[in-house]
Amino acid sequence: MSRFIAVDRDTAYLLPPSVDEWLPQNHLARFVVEVIDQLDLSELTRQYAGRGSDAYHPAMLLGLLVYGYATGLHSSRKIERACHDSVAMRFIAANTQPDHDSIATFRRRFLPQIEALFVQVLMLAREMKCLKLGTIALDGTKIAANASKHSALSWEHANRIEAQLREEVQLLLKLAEDSDSRPVGDGLDVPAEIARREQRLAALAQAKDKIRQRAAERHAVESQAHEAKCAKRQAQRDAGKKPRGPEPEPPSSEPRPGDQVNLTDEESRIMPSSGGGFGQSYNAQAAVDTATMLVITAHVTQAPNDKREIAPVLDKVQALPQALGCVSTLLADTGYFSRANVQACLGHEIEPMLSMKRESHHAPVLERFAADASAPETDDPVLKMAHLLGTKTGRALYGLRKQTVEPVFGIIKRVMGWRQMSMRGLDQARGEWSLVTMAWNIKRLQCCARREEQGRQMPTERSDLSPGDDARMSTRPLRRLAPVESVAPGQKTNPLRSRRVGRVQVRRAPRIRPARRRLGGAV
C-alpha cells in the first residue's frame, strides 16, 4: 500500500506564520534588503510632506524595484502581482501589497536620486573589500525605446503628407461651398473632416519644427568640423604644401530628406541593431571593472556610435569618490578610437587601450608567440598605444575587455530580461539604466560575497604542496578531497582506480559501461 505525505490546506496555523522562516538565508531578497538598509535614503525621505494617508517607506519600494529588475520583473503591475504570489517579494514588502500606481509613481519620481544611490552601492562594495578600481572596460549596447520605429516621421514624408492634407482641405472646402447645388455623400461630415485634418497639420508643423531644430544642431557641429578642415588645408598651403583632395564643401543648414522624429518618444533615435536592421533605440554605455565585473559608470546617449562617449565616462570617473581608488587603464573597442579620445584619457592620467582596427579571431601561431617589437622613439601617444597593444602584455590586457563587459550586457538582456525601456524620454532612460545597473551590481555583489564565504568555510589541504604550489593555491580553496591511503608503486587499487592530481593521490570509482545487446551471436 502506498504511503504519502498528507496535504492539508484547511488547518490553520497554531502560531502566526513568519515569512522570514520561508525564505532561505542566502536568498537574494535578503541581500537586497541588507544592502538598502545600509544606504542613505535621506534625499528620498525628506521629499515626503507627511500629509494625507501613510505612505510606503522608500526603502521598501526601492527594494521591490531592485529585486524586480534583478529577477526579470520590470512592470509595476507584475511587481504588484508578485507581492501576492512571491515569497521573496512578500519578504521585501513585509507582507504589505503596494499597488502598481504607487510603485510606478515612486520609480518615476525618484529616478534622479538613483544615480547617487548607485555610487553608494559602489562604496559599500569597497567596504566589503570586493572593489578596488584599476582597469575598466567600456562598451555600449542598443536598448529598444518605448516606441515603435514605425511611429517615426521623416522630413520627406512629412512634406508629402502635409501637401496631401492641404489638398484635401481645399477639396472639402469646395464641397462645403457646393453643398447647396450638389449633394454630399452619405456619412461625410465636412466640418469634422476639415477639423481633423487641421489638427494633423498642426501636429505635422510641430514635428517639422523639431526636425529643423535638430538640423540646426547638426549644422553647428558640422560647421566646426568644416572650419577645422579648412584651417588645416590653409596651414598646409602656408607651409608650401599642396593639400590633397577637393575642397571641403560647407554644410547645409536645411533638414535632409531622411531626418526623422518619433511621434511617440521624440528623444529616441533610429539606430542599427547588432542582429541587422534598424530600431528605435537608445545607446546605453557601461564601464565595468575587470576584476569584479561591477559597473562603475553608466549613462545613456542618443548617438548611434561611440566616438564621443569617452569624455562622459572620464567625467563620471573623475567624479567618483577617492576612496574607490583610481582608474589606471581604460579598455575599449575600435568604435571608441580617435586621437582626441586617446589624448583625453592621458589628460586624466589613464592609460588608453583603444583598439585601432578590428582584431582577427584566430591569429597565426607564430604571430601570437613572436617577440615584442622595440618601443618607438616618439612622443606621439597614438603610436605608443599601438605599440602597447601589439605586445604580449597589451594583448593579454586587452583580452579582458570582451570577457568583462560583454557578459554584463548578455546577463542583463538574457537573464534579467531587460531589453526595452519602460519609460519615455532621455532623462527617464538614463534613470532607468542607472536602476538596472545598480540591480546588476547588487546581484553581482551577492555572488562575490557568497564565493568569499564559501572560500572561508572550505578547508584547504597543503601537506604535500611545495612553496611554489602553496603560493599559487593560496588565492582559492581546494576541493574537498576524501582521505586516501598511500599506494605503493605497482599496487592494484581495485575495485577503485586512482589518479594523481598535482601531488595528491585521489581514488575514483571505475567507469561502468552499459551492457551491449547480443545480435546474432556478435557483441
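Worth saying up front: this structure is predicted, and the values here are computed from it rather than measured.
Residues I296 and V288 fail the side-chain proximity criterion, which asks for heavy atoms closer than 4.5 Å. Between H348 and D315 there is a side-chain heavy-atom pair separated by less than 4.5 Å. Residues P191 and D189 form a side-chain contact, since some pair of their non-hydrogen atoms from C-beta on lies under 4.5 Å apart. Side-chain contact between L61 and F110 is absent, with no heavy-atom pair separated by less than 4.5 Å. In this structure the side chain of N159 reaches within 4.5 angstrom of the side chain of W155, judged on heavy atoms. Annotation: side chain of R308 is not in contact with side chain of T301 (no heavy-atom distance under 4.5 Å). Within the 4.5 Å cutoff, no side-chain heavy atoms of V87 are placed close to those of F91. Side-chain contact between C83 and L64 is present, with heavy atoms from C-beta onward closer than 4.5 Å.
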### Task
Assess whether salt bridge (charged side-chain N to carboxylate O under 4.0 Å, His left out) is satisfied between E267 and R430, documenting all intermediate values.
CA-CA 12 Å; E267 296 184 351; R430 289 172 177 170; over 6 Å; no
### Task
Mind running salt bridge (charged side-chain N to carboxylate O under 4.0 Å, His left out) on E162 and K208 for me, showing each step along the way?
CA-CA 10 Å; E162 183 180 17; K208 292 178 65 176; 2.7 Å; yes
### Verdict with supporting geometry, V317 and L314, side chain to side chain contact (heavy atoms under 4.5 Å, CB included)
CA-CA 5 Å; V317 169; L314 295 177; 5.5 Å; no
### Task
Go through L62 and L117 one step at a time and tell me if the side chain to side chain contact (heavy atoms under 4.5 Å, CB included) criterion holds.
CA-CA 10 Å; L62 181 61; L117 299 179; 3.7 Å; yes
#### Entry: D259 and R256: CA distance, side-chain angles, deciding distance, salt bridge (charged side-chain N to carboxylate O under 4.0 Å, His left out) verdict
CA-CA 5 Å; D259 291 348; R256 299 171 183 173; 5.2 Å; no
### Query
Does the side chain to side chain contact (heavy atoms under 4.5 Å, CB included) test come out yes or no for M353 and L330, once each step is laid out?
CA-CA 6 Å; M353 296 285 289; L330 175 64; over 6 Å; no
### Task
Verify side chain to side chain donor-acceptor pair (under 3.5 Å) between S268 and Q280, making sure each step is shown before the conclusion.
CA-CA 6 Å; S268 61; Q280 199 75 29; 2.9 Å; yes
### Query
Does the pair M356 and T334 meet the rule for a side chain to side chain contact (heavy atoms under 4.5 Å, CB included), with working shown?
CA-CA 5 Å; M356 302 176 63; T334 183; 5.9 Å; no
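Between L171 atom CG and E193 atom CD the span is 11.0 Å, to the nearest 0.5 Å. Interatomic distance, CD of E432 versus OG1 of T437, reported as 10.5 Å (0.5 Å rounding). To the nearest 0.5 Å, the span separating CG on L354 from CE on M385 amounts to 5.0 Å. Distance check: I211 CD1 to S154 OG gives 7.0 Å after rounding to the nearest 0.5 Å. A distance of 5.0 Å separates NE2 of H219 from OG of S253, quoted to the nearest 0.5 Å. Separation of atoms OH (Y67) and NZ (K443) is listed at 8.0 Å; rounding is to 0.5 Å.
The 12-atom threshold is exceeded at CZ of R109, counting heavy atoms of other residues, nucleotides or ligands nearer than 6.0 Å. Heavy-atom contacts from other residues, nucleotides or ligands closer than 6.0 Å to CD of E349 number 12 or fewer. Counting heavy atoms of neighbouring residues, nucleotides and ligands inside a 6.0 Å radius, atom CZ of R237 exceeds 12 of them. Heavy atoms of other residues, nucleotides or ligands lying less than 6.0 angstrom from CD of Q302 number more than 12.
Nearest approach of L23 to A88, heavy atoms of both residues: CD1-CA, 4.0 Å. Considering all non-hydrogen atoms of both residues, T404 and V408 come closest at O-CG2, 3.3 Å. In terms of heavy atoms, L204 sits closest to L153 at CD2-CD2, 3.4 Å. Nearest heavy-atom pair, P321 versus V119, reported as atom, atom and distance to 0.1 Å: CD-CG1, 3.7 Å. For P58 against F106, the heavy-atom pair with the smallest separation is O-CZ, 3.7 Å. Nearest approach of I143 to A284, heavy atoms of both residues: CG1-CB, 3.9 Å.
Listed for the R214 side chain is a donor-acceptor partner under 3.5 Å among the backbone atoms of Q260. In terms of modelled atom types and a separation under 3.5 Å, the side chain of E80 and the main chain of H100 share a donor-acceptor contact. Formation of a donor-acceptor pair under 3.5 Å by the K307 side chain with backbone atoms of F337 is found in this model. When atom types are taken as modelled, the side chain of R424 and the backbone of N146 share a donor-acceptor pair closer than 3.5 angstrom. Here the side chain of R419 pairs a donor or acceptor atom with the backbone of K413 at under 3.5 angstrom. With hydrogens and angles disregarded, no donor-acceptor distance shorter than 3.5 Å links the side chain of R90 to the backbone of V19. Side-chain atoms of H74 come within 3.5 Å of backbone N or O of M416 as a donor-acceptor pair. Within the 3.5 Å criterion, the main-chain N or O of N26 finds a donor-acceptor partner in the side chain of R450. Of the possible donor and acceptor atoms, one in the side chain of Q47 sits under 3.5 Å from a partner among the backbone N and O of E43. Checked by atom type and distance alone, the side chain of D306 never pairs as donor or acceptor with a backbone atom of G335 at under 3.5 Å.
Considering R197, R200, K174 in turn, R197 is the only one that fulfils the salt bridge (charged side-chain N to carboxylate O under 4.0 Å, His left out) rule with E168.
A cation-pi arrangement, defined by a distance under 6.0 Å to the six-membered ring centre and an angle within 45 degrees of its axis, is absent between R269 and Y282.
Side-chain contact annotation: Q343 with N341, donor-acceptor N/O pair under 3.5 Å absent. Between the side chains of S18 and D20, no donor-acceptor pair is found at a separation under 3.5 Å. When only modelled atom types and interatomic distance are considered, D238 and Q234 share a side-chain donor-acceptor pair under 3.5 Å. For the 3.5 Å distance criterion, the side chains of R107 and Y69 qualify, holding a donor opposite an acceptor. Between the side chains of E309 and H299, at least one donor-acceptor pair of N or O atoms lies under 3.5 Å. Counting only N and O atoms by type, the side chains of S434 and E115 include no donor and acceptor under 3.5 Å apart.
Taking the six-membered ring where the residue is Trp, W418 and W433 present parallel rings, their angle staying beneath 30° rather than reaching 60°.
Salt bridge absent: E167 and R160 never bring a charged side-chain N and a carboxylate O closer than 4.0 Å.
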